[in-house]
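To start, the structure under review is shown below, and the notes come after it.
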Amino acid sequence: MYRQPRTAQELRQLVDAAEAEVFRAYGCDGDEHWTPETVREWWRDRARIKEYLATRRPAREDDDARSGQGTAAAADDYAAYIDGELAAHLRVYLCWLDERRAPTAVDRLPLLSRNRTGRAGS
């Protein structure tokens with residue numbers, strides 16, 4: 001999974017994966033490592049991630065031909081997520097990081113980009 005779960009079923013799948021993960025990669029400790037600044041830095045650099053996904057597609061297609069795991073389609077889905085819903089999800093996460101609470105319907109979400117003075121921008 002490459003995004004936060006949005007349904008009870010997706011949450012169940014994430015918990016099942018975490019319980020089965022033999023390398024303990026599901027640390028459930030992201031809030032200890034991410035800050036509003038690092039989230040914004042990652043967002044500014046997202047074009048590099050999309051470029052990597054695009055250039056590695058032939059290798060994923062070759063892997064899929066051998067393994068049938070669907071990694072090429074998953075990477076395409078992730079690239080579409082970056083172009084789509086991710087910005088809104090990250091703005092909610094910025095609110096969480098800043099205030100340690102989920103935003104309400106009336107809250108104004110933090111922006112992902114900052115202008116040269118360090119103030120929030122569009």
Side-chain angles (χ1 to χ4, degrees):
M1 184 174 292
Y2 51 84
R3 60 171 168 73
Q4 295 297 314
R6 293 181 289 190
T7 66
Q9 175 62 23
E10 289 177 352
L11 180 58
R12 263 193 258 28
Q13 290 171 337
L14 179 66
V15 170
D16 289 347
E19 288 176 349
E21 173 59 55
V22 297
F23 295 108
R24 302 207 184 275
Y26 290 85
C28 302
D29 60 355
D31 295 348
E32 296 172 22
H33 302 282
W34 287 97
T35 65
E37 294 77 25
T38 58
V39 169
R40 287 182 174 106
E41 180 182 324
W42 185 95
W43 181 250
R44 278 191 307 273
D45 205 24
R46 69 191 180 280
R48 189 171 62 103
I49 295 158
K50 288 190 59 191
E51 179 183 342
Y52 173 81
L53 292 171
T55 59
R56 297 286 302 155
R57 191 169 208 303
R60 283 190 298 277
E61 288 173 340
D62 289 345
D63 287 344
D64 285 349
R66 288 189 299 278
S67 69
Q69 296 217 358
T71 56
D76 291 345
D77 288 347
Y78 183 55
Y81 178 59
I82 291 172
D83 288 338
E85 297 176 301
L86 180 58
H89 293 166
L90 288 177
R91 291 181 70 201
V92 169
Y93 188 49
L94 285 175
C95 181
W96 172 260
L97 289 173
D98 282 339
E99 302 183 28
R100 293 298 186 209
R101 67 174 179 81
T104 66
V106 297
D107 284 331
R108 185 172 178 192
L109 294 175
L111 297 173
L112 278 170
S113 62
R114 299 258 183 200
N115 62 25
R116 290 186 183 147
T117 65
R119 299 169 74 172
S122 53

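No hydrogens, no waters, no symmetry mates; every other heavy atom, side chains included, goes into these values.
Atom CD of residue Glu37 and atom CG of residue Leu94 lie 9.0 Å apart, to the nearest 0.5 angstrom. The CG atom of Leu14 sits 10.0 Å away from atom CD of Glu19, with the distance rounded to the nearest 0.5 Å. Rounding to the nearest 0.5 angstrom, the gap separating the CH2 atom in Trp42 from the CZ atom in Arg48 is 10.5 Å. In this structure, OG1 on Thr35 lies 8.5 Å from CD on Glu41, to the nearest 0.5 angstrom. Distance check: Trp96 CH2 to Leu109 CG gives 14.5 Å after rounding to the nearest 0.5 Å.
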Residues Thr38, His33; criterion side-chain contact (heavy atoms from CB on, under 4.5 Å); working and verdict: CA-CA 9 Å; Thr38 58; His33 302 282; over 6 Å; no

Run the side-chain contact (heavy atoms from CB on, under 4.5 Å) check on Leu112 and Val39 step by step: do they pass? CA-CA 8 Å; Leu112 278 170; Val39 169; 4.3 Å; yes

Given the rule in the side-chain contact (heavy atoms from CB on, under 4.5 Å) test, do Arg46 and Leu90 qualify, once you have shown the distances and angles that lead to the verdict? CA-CA 12 Å; Arg46 69 191 180 280; Leu90 288 177; over 6 Å; no

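The two atoms that bring Pro110 and Cys95 nearest to each other are CG-N, 3.7 Å, heavy atoms only. Across all their heavy atoms, Arg6 and Glu10 have their closest contact at N-OE1, 2.6 Å. Residues Leu97 and Pro36 share a closest heavy-atom pair of CD1-N, 3.9 Å.
Summarising the local packing, CZ of Arg101 is surrounded by more than 12 heavy atoms from other residues, nucleotides or ligands at distances under 6.0 Å. Atom CD of Glu99 is surrounded by more than 12 heavy atoms from other residues, nucleotides or ligands within 6.0 Å.
Of the possible donor and acceptor atoms, none in the side chain of Arg91 sits under 3.5 Å from a partner among the backbone N and O of Ala87. In terms of modelled atom types and a separation under 3.5 Å, the side chain of Asp107 and the main chain of Thr104 share a donor-acceptor contact.
Linking Ile, Leu, Val, Met, Phe, Trp and Tyr whenever their side-chain heavy atoms come within less than 4.5 Å leaves Leu11 and Val92 in two separate clusters.
Between Leu86 and Tyr93 there is no side-chain heavy-atom pair separated by less than 4.5 Å.
Between Arg60 and Asp63, none of the side-chain N atoms (NZ, or NE/NH1/NH2) sits under 4.0 Å from a carboxylate O, so this pair counts as no salt bridge.
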